[in-house]
Student: 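Handing you a structure now.
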Amino acid sequence: MTYSNSVVPEGGEKITILNGKLQVPNHPILPFIEGDGTGPDIWRASVRVLDAAVEKTYGGTRSLKWMEVFAGQKAFDQFNAWLPEETVEAFSEFLVGIKGPLTTPIGGGIRSLNVALRKALDLYVCQRPVRWFEGVPSPVKSPEDVDMVVFRENTEDIYAGIEFEHGTEKNKSFKKLLQDNFPDDYAKIRFPDSSGFGLKPVSVEGTRRLVRAAIQWSLDNQRKSVTLVHKGNIMKYTEGAFRNWGYELAHEEFADEVYTWQQWEDTKAAKGEAAANKEQGDALKSGKLLIKDVIADIVFQQTITRAKEFDVLATMNLNGDYLSDALAAQVGGIGIGPGGNINYETGHAVFEATHGTAPKYADKDVVNPSSVVLSGEMMLRYLGWDEAADMILHGVGGAIEAKTVTYDFHRLMEGATKLKTSEFGDAIIQHMDD
Ligand code: NAP
């Protein structure tokens, strides 16, 4: 593929995938979108941090070969397209990349550039780690108990975007279809003549690939449990099915490595609760991963009151959206929350800030770059460059512990020193070697 908007960096090599395993060269080409609004400030600081971590760790034997690609306002201004085809092509060809926040174009065309990119590359996992750094202001008593990773399904559920607006012809046709073909269901609608409708597709394949990714990642990273989060008591054939299909997948593909609450239920029914408890205890002692489930409403309470009981959480799109922001609040909010959109089958991955463009702070060099820095940390770990990723965690942790922080943390911390975005990047780099 030849690029007209972007330059493929010299000396860079392509990341590939072989038998489901990423093949990462020493100088991988990584497409990046700096982002709109505060994006350029954040990117300038972040790229220095990422390069420094790699340089300090590998002393030049490895490096990141950045390739700028365009989306959002910058792309629209320069190329008259919000998401130029070649940007999608670059992420497709080079497999792994990173992006800052993008302005959502208002009115018509693309609903959201993030959604468009996820769709184009079928990035079915939205992975959001939620952990606390010592010293980060938090509204909860024991933020140190929060160390969770959300695996949010990224391609279906109500986010499929199938909605019929009240008063439109489509809405009328849909209502008639219900009335004619499913009269019992139609009768359940409280105000049929003034309702909008939305569809919630949740599939076997969509569920299985998400749960598979969550379990495999948990096994690879020595995590303790995967909790399937669902509202299956109300939405039996979508959310309830997600739970059932999740357990099925765990039994079929990971029988030797996991113990499930379903197994506990079966043993309890056959041999009593004591036998079930003993079976579970033995399985966990032998190092098996626990697969359990929880109803989506109670999970919001329990992840606050009993945070230690949660580790990896696998859930559908809408639950995951709410849950990841709520969890992020416990450990410092979205200014610091990283994320990755990943297809674990093709290897495609786009790591990204979880906050927006915060336009009122654009070009002021004041916002917190941690969300992109830590997304870069996730990206390095995804590439298997764990030592460089650890160096970043150490640097961020050190800068915060020294109370040298950007305005958002400064206003909540006593005795802290307020740094600019760029200075916070410097502080992270300084603390890498502590
Ligand atoms: P936002 O950009 O996330 O900003 C909301 C508030 O969050 C800011 O005013 C600021 O709060 C805080 N904040 C955000 N980023 C921060 C950072 N790096 N450091 C410190 N604080 C930070 O949300 P928005 O204003 O609703 O959306 C603005 C634009 O972003 C819209 O066009 C929206 O569509 C887009 N957006 C893009 C993405 C994406 O690309 N992933 C995601 C969400 C929204 P304080 O002022 O209280 O300090």
Side-chain angles (χ1 to χ4, degrees), residues 32-47 49 69-77 82-83 87 91 97-121 123 126-128 133 136-139 152 154 159 317 320-322 324-326 328-329 331-341 349-376 378 396 399-400 404-413 416 418-425 427-428:
F32 75 92
I33 298 168
E34 68 171 6
D36 297 322
T38 49
D41 277 348
I42 292 175
W43 179 250
R44 268 190 293 276
S46 304
V47 73
V49 170
V69 296
F70 299 87
Q73 192 71 49
K74 192 169 177 183
F76 187 74
D77 294 345
W82 287 97
L83 184 61
T87 296
F91 281 110
I98 188 164
K99 63 174 275 297
L102 295 174
T103 304
T104 299
I106 296 172
I110 296 175
R111 216 163 26 125
S112 149
L113 297 169
N114 299 310
V115 174
L117 205 51
R118 284 174 208 169
K119 274 216 167 116
L121 300 170
L123 305 173
C126 175
Q127 191 169 328
R128 300 253 306 252
F133 287 93
V136 170
S138 161
R152 165 186 169 192
N154 226 359
Y159 284 68
N317 216 333
D321 195 359
Y322 296 154
S324 36
D325 275 22
V331 295
I334 53 173
I336 192 170
N341 297 293
V350 180
F351 294 85
E352 67 171 355
T354 53
H355 56 69
T357 58
K360 64 181 171 182
Y361 300 119
D363 302 320
K364 294 202 164 91
D365 196 23
V366 295
V367 292
N368 192 340
S370 297
S371 183
V372 170
V373 168
L374 294 172
S375 298
M378 274 182 89
V396 172
I400 295 171
T404 48
V405 291
T406 43
Y407 84 92
D408 50 327
F409 285 0
H410 178 261
R411 68 187 165 191
L412 300 169
M413 283 164 93
K418 183 158 78 173
L419 299 185
K420 291 175 176 296
T421 312
S422 50
E423 292 168 340
F424 186 64
I428 297 173

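Whatever order the structure lists ligands and atoms in, that order sets their numbers, starting from 1. For this chain, numbers begin at 1 and follow the sequence in order.
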Student: So, using ring pair (Phe, Tyr, Trp, His ring centres under 6.0 Å) as the criterion, who are the partners of F32 when residues are at least two apart?
Tutor: W43
Student: Give yes if a backbone or side-chain nitrogen or oxygen of T103 is under 3.5 Å from a nitrogen or oxygen of ligand 1, and no if not.
Tutor: no
Student: Yes or no: does S371 have any heavy atom under 4.0 Å from an atom of ligand 1?
Tutor: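 No; S371 lies far enough from ligand 1 that no heavy-atom distance drops under 4.0 Å.
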Student: Could you state the interatomic distance from CD (Q73) to CG (L113), rounded to the nearest 0.5 Å?
Tutor: 10.0 Å
Student: For ligand 1, which atoms sit closer than 4.0 Å to a heavy atom of K360?
Tutor: 9 (O), 46 (O)
Student: Rounded to the nearest 0.5 Å, how far does CG of L117 lie from CD of E352?
Tutor: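 E352 CD to L117 CG: 8.5 Å, rounded to 0.5 Å.
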Student: Drop me the distance from M378's CE to I98's CD1, to the nearest 0.5 angstrom.
Tutor: 10.0 Å
Student: I need the minimum non-hydrogen distance between R128 and D325, along with the two atoms involved.
Tutor: NH2-OD1, 2.9 Å
Student: Is atom 12 (C) of ligand 1 in close reach of the protein, with a heavy atom under 4.0 Å away?
Tutor: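 No, no protein heavy atom sits under 4.0 Å from atom 12 (C) of ligand 1.
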Student: Kindly compute the distance separating CD1 (I33) from NZ (K74), expressed to the nearest 0.5 Å.
Tutor: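 I33 CD1 to K74 NZ: 10.5 Å, rounded to 0.5 Å.
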Student: Apply side chain to side chain donor-acceptor pair (under 3.5 Å) to residues T357 and D36 and explain how you reach the verdict.
Tutor: CA-CA 6 Å; T357 58; D36 297 322; over 6 Å; no
Student: Within a distance of under 4.0 Å, is there any protein heavy atom near atom 34 (O) of ligand 1?
Tutor: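 Yes.
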Student: Rounded to the nearest 0.5 Å, what separates atom CZ in R44 from atom CG in D365?
Tutor: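 That separation rounds to 7.5 Å.
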Student: Is ligand 1 less than 4.0 angstrom away from at least one heavy atom of T38?
Tutor: no
Student: Quick one: nearest non-hydrogen protein atom to atom 28 (C) of ligand 1, plus distance?
Tutor: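 The closest heavy atom on the protein side is T357 OG1, 3.5 Å.
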Student: Among V367, I336, T354, whose heavy atom sits nearest atom 17 (C) of ligand 1?
Tutor: V367
Student: Side chain, backbone, both or neither: which applies to N368 and ligand 1 if a contact is any heavy-atom pair less than 4.0 Å apart?
Tutor: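 For N368, backbone and side-chain atoms both sit under 4.0 Å from ligand 1.
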Student: Around atom 32 (O) of ligand 1, find the nearest protein heavy atom and jot down its residue, atom name and distance.
Tutor: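 Answer, as residue, atom name and distance: T104 N, 3.5 Å.
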Student: Considering G39, G337, A358, which one's heavy-atom position lies nearest to atom 2 (O) of ligand 1?
Tutor: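 Looking at heavy atoms only, the winner is A358.
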Student: At their closest point, which heavy atom of H410 faces which heavy atom of V405, and how far apart are they?
Tutor: N-CG2, 3.6 Å
Student: Nearest heavy atom to atom 1 (P) of ligand 1 wins, so pick from P369, G356, A71.
Tutor: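 It is G356 whose heavy atom sits nearest to atom 1 (P) of ligand 1.
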Student: Which residue and non-hydrogen atom of the protein lie closest to atom 7 (O) of ligand 1, and at what distance in Å?
Tutor: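 Answer for atom 7 (O) of ligand 1: I334 CD1, 4.4 Å.
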Student: Assess whether a salt bridge exists between K364 and D41, defined as any Lys/Arg side-chain N lying under 4.0 Å from an Asp/Glu carboxylate O.
Tutor: no
Student: Within the 4.0 Å heavy-atom shell around L102, which atoms of ligand 1 are there?
Tutor: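 Near L102, meaning under 4.0 Å from one of its heavy atoms, ligand 1 has 35 (C), 36 (N), 37 (C), 39 (C), 40 (O).
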Student: Side chain of S46, backbone of I42: donor and acceptor closer than 3.5 Å?
Tutor: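 Yes, S46 side chain to I42 backbone: donor-acceptor pair under 3.5 Å.
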Student: For atom 47 (O) of ligand 1, grab the closest protein heavy atom and report residue, atom and distance to one decimal in Å.
Tutor: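 For atom 47 (O) of ligand 1, the nearest protein heavy atom is R411 NH2, 3.5 Å.
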Student: What's the shortest distance from atom 21 (N) of ligand 1 to any protein heavy atom, and which residue and atom give it?
Tutor: Y407 OH, 3.2 Å
Student: Does atom 42 (C) of ligand 1 have any protein heavy atom closer than 4.0 Å?
Tutor: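 There is a protein heavy atom less than 4.0 Å from atom 42 (C) of ligand 1.
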Student: If you count the atoms of ligand 1 from 1 in the order shown, which ones are under 4.0 Å from a heavy atom of D408?
Tutor: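 Reading through ligand 1 atom by atom, the close ones are 20 (C).
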Student: Specify the closest pair of heavy atoms between P101 and G39, including all atoms of both residues, with the distance to one decimal.
Tutor: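 Reported closest heavy-atom pair: CD-CA, 4.3 Å.
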Student: Check contact between Q73 and ligand 1, using heavy atoms of the residue and a distance below 4.0 angstrom.
Tutor: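 No heavy atom of Q73 comes that close to ligand 1.
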Student: Quick one: look up the protein heavy atom nearest atom 39 (C) of ligand 1 and list residue, atom name and how far away it is.
Tutor: N114 ND2, 3.1 Å
Student: Once you round to the nearest 0.5 Å, how far does CZ of F409 lie from OG1 of T404?
Tutor: 11.5 Å
Student: Give the residue and atom name of whichever protein heavy atom lies nearest to atom 46 (O) of ligand 1, and the separation in Å to one decimal.
Tutor: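 Nearest neighbour among protein heavy atoms for atom 46 (O) of ligand 1, to 0.1 Å: Y361 OH, 2.7 Å.
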Student: Taking 4.0 angstrom as the limit and counting only heavy atoms of P359, give me the atoms of ligand 1 inside it, by number and element.
Tutor: 28 (C)
